[in-house]
Structures are given as structure tokens and as C-alpha cells.
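Data block below; observations after.
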Number of protein chains: 4
Amino acid sequence: MTPTLTSREATGERREERILRAALTEFGRRGFAAAREGMIARLAGVSTATLKQHFPTKEALFREMVRSMVVRTLHQVEPDAAAGLAAESAVRRLREFARWFWQTMDEPEYAALLRLSMVELTRFPELAVFHATEVTGRALRQLERTLADGVAQGEFRIGNTRAAARVILAALITHAHWFAHPEIFSGITGVDRAAAEESVMRVLVEGLRGR
Amino acid sequence: MTPTLTSREATGERREERILRAALTEFGRRGFAAAREGMIARLAGVSTATLKQHFPTKEALFREMVRSMVVRTLHQVEPDAAAGLAAESAVRRLREFARWFWQTMDEPEYAALLRLSMVELTRFPELAVFHATEVTGRALRQLERTLADGVAQGEFRIGNTRAAARVILAALITHAHWFAHPEIFSGITGVDRAAAEESVMRVLVEGLRGR
Amino acid sequence: MTPTLTSREATGERREERILRAALTEFGRRGFAAAREGMIARLAGVSTATLKQHFPTKEALFREMVRSMVVRTLHQVEPDAAAGLAAESAVRRLREFARWFWQTMDEPEYAALLRLSMVELTRFPELAVFHATEVTGRALRQLERTLADGVAQGEFRIGNTRAAARVILAALITHAHWFAHPEIFSGITGVDRAAAEESVMRVLVEGLRGR
Amino acid sequence: MTPTLTSREATGERREERILRAALTEFGRRGFAAAREGMIARLAGVSTATLKQHFPTKEALFREMVRSMVVRTLHQVEPDAAAGLAAESAVRRLREFARWFWQTMDEPEYAALLRLSMVELTRFPELAVFHATEVTGRALRQLERTLADGVAQGEFRIGNTRAAARVILAALITHAHWFAHPEIFSGITGVDRAAAEESVMRVLVEGLRGR
DNA sequence: TATGAATGAGTTTTCATTCAT
DNA sequence: AATGAATGAAAACTCATTCAT
């Protein structure tokens, strides 16, 4: 009754998907140059020749992988993030956003994409633009909306919501990086993942002047 | 009395210096895996064989490069940055710090080191620790001092100066990354480098609550 | 009564014909080794798998192609060439032959076959023999007949008609090659295709002694 | 006393020469596409990597090979061909030329170059031009000189010495090809290598009209 | 010590051929 | 019988590292 998994279309899809996922793993681990197509093929459970039939060059594979993975992995999650929160206090929504953002960036796949978007930026500028648009841009817009709501509700007093959104996102991004590598940074920043949401938000909301 | 510059030791030093500088350029451009020792040798004006005589493996070269470059390029600058500013207003000092930090990260060499510290983190964790200690750690301490002074002078009201310092540095780092690649990010963040110091500082100092 | 063209056999034939023609094109362009079966399949408008079903190996395809193309393309034309000229002057008939030969070798298909017969001679000696028999041999016999007629008619005085036929054909073949690649040879040989028939014939008929 | 063969310069030269010679052998045997660089390396007694250090791509190797081999192999011989014959009878000189030409084209190296100049003509047109200029062009000029001398001495009566030279060379070239592959052609052309010089020359000198 | 040259050990890439539907 | 997909086998190519002078 279950449709055969080996039907042409089904396997085809499955295969490309598996290959792209494997590519993300290997590229994420090693970066573009050091990644080996042979390893990607093995991770995907196909021969190298099959891999090359679907993605003729290493570069094509990388491009496709970023394109599809950014779409596949990020879009399905983000819209939910602020769902049902429109009526909430803006501070609460910011907190939720931070929590969602850090949680998301904790997934190996997202982390790998983030890392690659920085690492291979010089070699693949249009992909960097794509990633920046899809991820940074969306996050900024989301944040700005929340801030504007907060201003409208009298919760915040900020002239430049865009600049504020940038500062928030910037702080979150670097923290995500620190969290992703506690073995490197926890000793230096003394950052406490658990308390971070609270403390970062307090600083951002109150500012250095306090109250 | 003046040591001859052509004495074995002296030229050796000169050579190694040139090689290490070339290595930073090439590794910074391409990352560890894609960098070619041949290119480094050419940039340094020596043969590949000579390069290998000084630094027997690619890894050794990379390690030495990071170690020496972090020390050479960062230490000589940072301590001066806030010198003579102890008496200044803390806000003013933060602004100066931001300006210095972004200016410094604008230099290709520093930017390359920052990028490598993120990119090659997995392959060379102890170097990442080294860099994090020498750069992130120092910057955090500097910032925390300034914040504490601000609190002492009644300028700031912050309970957790360490957390505040982290938020500031985190925001500055991501902005530095955005500034370093305007072709990617300026369209997305709409970030105006000239106005950034002012607007970022305002958000951080005032917070989202304002006043 | 007329067999349906879509009957298995008929379409099969059509397909094979299209494939063989495509094979001649691709093999002619690239030679045996560099030719790709995939390209032949595409030129013939079938899948590679279908191609392989008709001609299981590259070699088999090549052999079949040469065999059938030599027969298909050369035989239908040559016999007619000198038809009805038996009564003509032998010089006139030689001229006609040259014209026909060069015209024929101008067709891409014939030129390709000629080229392949030289190029792949080592790899497929029996095909080279086949081609030599069917083309060179026939042409030689034709020429020798004409020469013999010329001698009989008192037009020519040659002891060794076979040797003479060889010299004529040899000259025609190389000229055909020069004509086929004017971009290479026209500057070097200064050969004028239009005047060639006249000047070559004059030399051959008169000889170097003249008159 | 003998200079060391392993001195840098000496081996370098020797090596490249050996590689180029090996390349001629392999390319000549198989054509460009089917030739394997690994085989060339083995024939030359070096590793594939060494081969690639001297000639980075298969194409570069092929180009260099043709360029240097045409020069090396043809130039050293041809000038001698007509040496001391200026005073001879023109017929005699033509006969000498034919003998020299066929002998030369009998050497595997020359034969290979001739074959390649036809085979790879489409892929490397500028090499074909080079070869045509250096070989066909030179031969034509040499022949034309001889013919002009013959006319001046009253031995020949030809209006168009250039056309005559072309016809002669054309006949010689195809004959050379036939001689090079007796297993293919001897049965078909009935060509007798030993008698060829005599019979071909007679036809060319006397023409079909005789006397 | 400096270096031109050589190479081992991989990696990418290509393609005829096979498999499964 | 026709074909999309998969792959084994072979080749090109790259580069860190070693060797010999």
C-alpha cells in the first residue's frame, strides 16, 4: 500500500536530498576547499560518479546545497517564531526571538550554514548575498517589526528602529558563535548560555544608563 | 657596532618575517586548506624549498603565523587605544573604543586574522583559544574597565558589567564583519558606516526604553 | 500492402539509420577516441541506453557505421560519375572524374569518411582495408579504364596505365585534403580551387616536358 | 672527465627532450584524445607529476611537442636534400627529392607528425598551419626552385611552375601514406615501393601524352 | 642555507557500460 | 524496446613534501 520507494521519482528526490544533506555536513565540517566529494558521496550512500551526474562540479554542488538548504532549513521554522505573539509585550517577543535564534543556530545544520556563509564569502559572493538576504535580512525585518510594535504600544522609545534591530541582531549573532564553541569561548567570555537570554536582553532593553 | 643586516641570523629573521606576513595574506584569502604554500613562497620572494626549510609543514607554518601575527599586529596597537582617556566620560571612551575597533578590523591583516579565527576554529582549536584570549579577552577586559569606571562615576547604572561588555563587543564584532563586506551586507542591513558609531552607541547607551 | 512505417522493423531501421548518420558526424568530428556516445545519441535523438541496445559497444558502433556509410554514401554516386562518357575524349573524362571526386570529397560525410580511414587506420585496420578497397580501389579501376581507353584511342601514350592512375589519384586525394581545409592550406599552397581542375590536369596530361 | 649528466641543466634538457620524444610516440600511436599522459611519462622514465610540472596540461604538452619536433626533426635533414645538386639535371633532382621525401616519411617520427598534422587539424588549427608552413610550404618552395631551374636549363616546358610543384608534392604525399601502410594498400594499389620512384617520375615528367 | 627539480598520495573528472523500470 | 539513473574503471590534475646540488 505504501508507494514503492524505489519508483523513479521518489528515489531521485530522496537521492538528491540525501546528497545535499551530506554535502552540507562535509562542507560544514571542512569548508569548500578541504571537503572531498568522495566523502560526500559516501555519506549519501552513492558512488562518486552518481554524485557527479547530479552535480557536475564541486562548485555546482556547493551552490545547489547552499541554495536549497537555506530555503529548506530556515524557512520552515522562522515563520512560526513570532506566531501568536503579536499581542504579547515587545520585550517578551524579543526574548522569544533570541531564544529561537540561538536554538536554531545550535542545530548543526544551521550552524554549518552560518559558518559557511562567512567562510566562503569571498569565493561565492552571490551565495553570501543570498544567505544574507534570506537569513540576516529576514531576521532584521522581523526584529524591526517587533520594535515598531513596541514603540506603538509605548513600551519602547527609540527613534531609529532599524539601527536598534541591527544592534540586537549583531549581538545575538556573535553570542550564537560563542555558544556554538563553548570549548573556546566559555573560559574567555564567561558566557553562561542559560542566563544569556536574561542578561543580554536586560542590557539591550535598559541600556547602559539603566532604568 | 651595528649588526650587519646580512648576518645569517638577521636575514633569517627578515626572511621568516616576510614569509609569515605572506602566509597571513594567503591563508587569510583562502583559508587553510585552499591556501597554497607555493603562493606563499612566491609572495615572500623565496623558493618553496626555502619556505619548507623554515616551516617544515603547512600546519607548522599556519600555527607560527597565527601566533606571531596575533602578537605582532594586535598587541602593539590595542594598549594605546584608550590611553589617556581614563578621565574622559565613559560614553566618550566607549565611542573611542568602537572607532578604534572598527578601524583596526578594517586593516586587511586584522580582518584576515579575525576571519581565520572563526574559519579554522575546528581544525586548530588551540589557536582559536589563543586568539580569543589575546583579542576577545583583552577587548572584554578593556570594555569592562571602562564600564566599571562609568558606573563609579555615576554615568552608568549596570549591575552586570561583564554581561554588558559582552553585549557591546558582540555588537561591534558583527558590525565589523558587515563593514568588511559592504558588497554583501550594505544592501541588506542598510548599515551606514559613517553613522554607525553614533547610532550603535545610542542604542547601547540608551537601551530600547530610551532616556 | 505498403508496410506500415511504424512497424517494429521499419522504425528500428529508421532509428539505426539516424544513429549511424549521427555516429559518422561525431566520429568524423572527433575521431574514435574523443567521440562520445552520449553526443551521438543526442544527435540521433535517442537515449544513450537505446543507442547501446542497438550497438552494444563503441567499437561495434564504429564498425557498423563505417561499413554502412561507405556503402550507402559512396556506392550510389560513383558508378554514375563517368556514365555515358565512354565516347568522350579521355582528357575530358579525366577532368570530369576530378571534378566529381573533389565535389564528392567536399560533402562533409565523404570527407569525414576519408579522414577516418586515415586516422583510425591503426586501430581498425580491416576497416581501412574495406574503405581502401571500396573507395581507393574503385577509383583506381575507374581511372585505369579511362586511361586505357585513352591509349586505345591514341590520345595517350603511357606504358604503365596502372602507375599513371595511381599518380593521378594520389594527386587528387591530397588536393582534396587541401581543399577541405582552406583555412590551413590556401595560404601555403596558394591553391585556387576554381582553377585547380584546369591546372592539375594540364600538368598531368602534358607532363613537365610539355607538349 | 665527462661532464656529469646529472648536472641541473643537462638533466633538465635531457628530460624535456625525452618527454617530448615520448609524447610524439604516444600521440602518434593513439592520437591526442586516446593518448595517456601516464604512458608518456612511463616512456620518458619520469613520474606523471614530473611530466605535469614541465607541461601542465595535455594540450600544452601536445603543442610543445609538435612545435619542437617539427623543428628538431625536419630542419636538420631537409637542407641537405638538395645539397650539391644545383648543377644536376632537374629530373635527377626531382628523383632525389622524391627518394628523400619518402625515406623521411618512412621514419616513424616523421610519419607520426604527418599523421597528427592531419588528424588533429580540427582541434589544433594553428599547429596545423605551423606544420603546413614548415613542411608543406618548404617542400613546395624547394620543388618550385628545382622546376624553375629545369625550365631555365630548357629541360622542362611548364607555364605554371607553382601548380606543377603542387601536383608533384600532392602525388608524393599520398604515395608516402600508401607506403607507410603496405598492409592496407599494397593489395589495392599494387604499388611497388622499389619501382615507385621510377614510375611516378616517368608519369610526371612525360605526362599522359608521352614524350 | 637556498633552491630547481622530482614525486607520492590524493582528489576531481570523464565516460562507456549496466541496471531497473 | 526504450530510457533515466547508477556506476566501475580509468584518466587528468594538484600539491605538500622530499631530494640532490
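Keep in mind the model is a prediction, meaning the values are calculated, not measured.
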Could you tell me which nucleotide pairs with E:dA20 by Watson-Crick or G-U wobble geometry, both distances under 3.5 Å, or answer none if nothing does?
->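 Looking at the geometry, E:dA20 pairs with F:dT3.
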
Which base, if any, makes a Watson-Crick or G-U wobble pair with F:dA12, both distances under 3.5 Å?
->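 Paired with F:dA12, as far as the under-3.5 Å criterion goes, is E:dT11.
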
Honestly, is A:Arg63 close enough over A:Phe124, meaning NZ or CZ under 6.0 Å from the six-membered ring centre and within 45° of the axis?
->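 The answer is no, since A:Arg63 fails at least one limit relative to A:Phe124.
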
Does a side-chain heavy-atom distance below 4.5 Å link B:Arg36 with B:Glu26?
->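 In short, these two side chains touch, coming nearer than 4.5 Å.
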
Any side-chain heavy atom of B:Phe55 within less than 4.5 Å of one from B:Ile19?
->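 The answer is yes, as the side chains (C-beta and beyond) meet within the 4.5 Å cut-off.
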
Knowing that exactly one of B:Arg30, B:Lys52, B:Lys58 qualifies, which makes a salt bridge (Lys or Arg N to Asp or Glu O under 4.0 Å) with B:Glu37?
->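 For B:Glu37, the salt bridge (Lys or Arg N to Asp or Glu O under 4.0 Å) check succeeds only for B:Lys52.
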
Report the relative orientation of the aromatic rings in C:Phe27 and C:Phe62; use parallel for angles under 30°, tilted for 30 to 60°, perpendicular for over 60°.
->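 The arrangement is perpendicular - the two ring planes meet at more than 60°.
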
OP1 or OP2 of F:dA6 less than 4.0 angstrom from a side-chain nitrogen or oxygen of A:Arg15, does that happen here?
->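 Result: yes.
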
Is the phosphate of E:dA6, meaning OP1 or OP2, less than 4.0 Å from a side-chain N or O of D:His54?
->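 Indeed, a polar side-chain atom of D:His54 lies that close.
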
Whole-Å distance between [N] [atom2] and [X] [atom1]?
| X | N | atom1 | atom2 | value |
| --- | --- | --- | --- | --- |
| A:Leu51 | F:dA5 | CG | P | 15 Å |
| D:Lys58 | F:dT14 | NZ | C1' | 18 Å |
| A:Arg14 | F:dA5 | CZ | C1' | 17 Å |
| B:Phe55 | F:dT17 | CZ | P | 14 Å |
| D:Phe62 | F:dA11 | CZ | C1' | 18 Å |
| B:Phe32 | F:dC15 | CZ | C1' | 12 Å |
| B:Ile19 | F:dA16 | CD1 | P | 15 Å |
| C:Glu26 | E:dA16 | CD | C1' | 14 Å |

Looking across every strand, which nucleic acid part, if any, lies under 4.0 Å from [X] by heavy atom: base, sugar-phosphate, or nothing?
| X | answer |
| --- | --- |
| B:Ala41 | nothing |
| A:Lys52 | base |
| C:Ala60 | nothing |
| D:Ala35 | sugar-phosphate |

Using heavy atoms to find the nearest nucleotide of DNA chain E for C:Ala49 and D:Gly45 separately, return the residue whose nucleotide is more 5′.
->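 Its nucleotide being nearer the 5' end, the pick is D:Gly45.
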
For C:Glu37 and A:Arg36, take the nucleotide of DNA chain E holding the closest heavy atom to each; which residue's nucleotide lies nearer the 5' end?
->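 Here A:Arg36 is the residue nearer the 5' end.
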
Does A:Ser47 or B:Glu59 map to a spot on DNA chain F nearer the 5' end, using the closest nucleotide for each?
->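 That would be A:Ser47.
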
When you get a sec, tell me which of [options] is the closest nucleotide to the side chain of [X]?
| X | options | answer |
| --- | --- | --- |
| B:Val46 | E:dT3, E:dA2, E:dT14 | E:dT3 |
| B:Gln53 | E:dT7, E:dT17, E:dT3 | E:dT3 |
| A:Thr57 | E:dT13, F:dA12, E:dT17 | E:dT13 |
| A:Thr50 | F:dA12, F:dA2, F:dT7 | F:dT7 |

Can you tell me if CZ on A:Arg42 sees more than 12 non-hydrogen neighbours from other groups inside 6.0 Å?
->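 Incorrect, the count does not exceed 12.
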
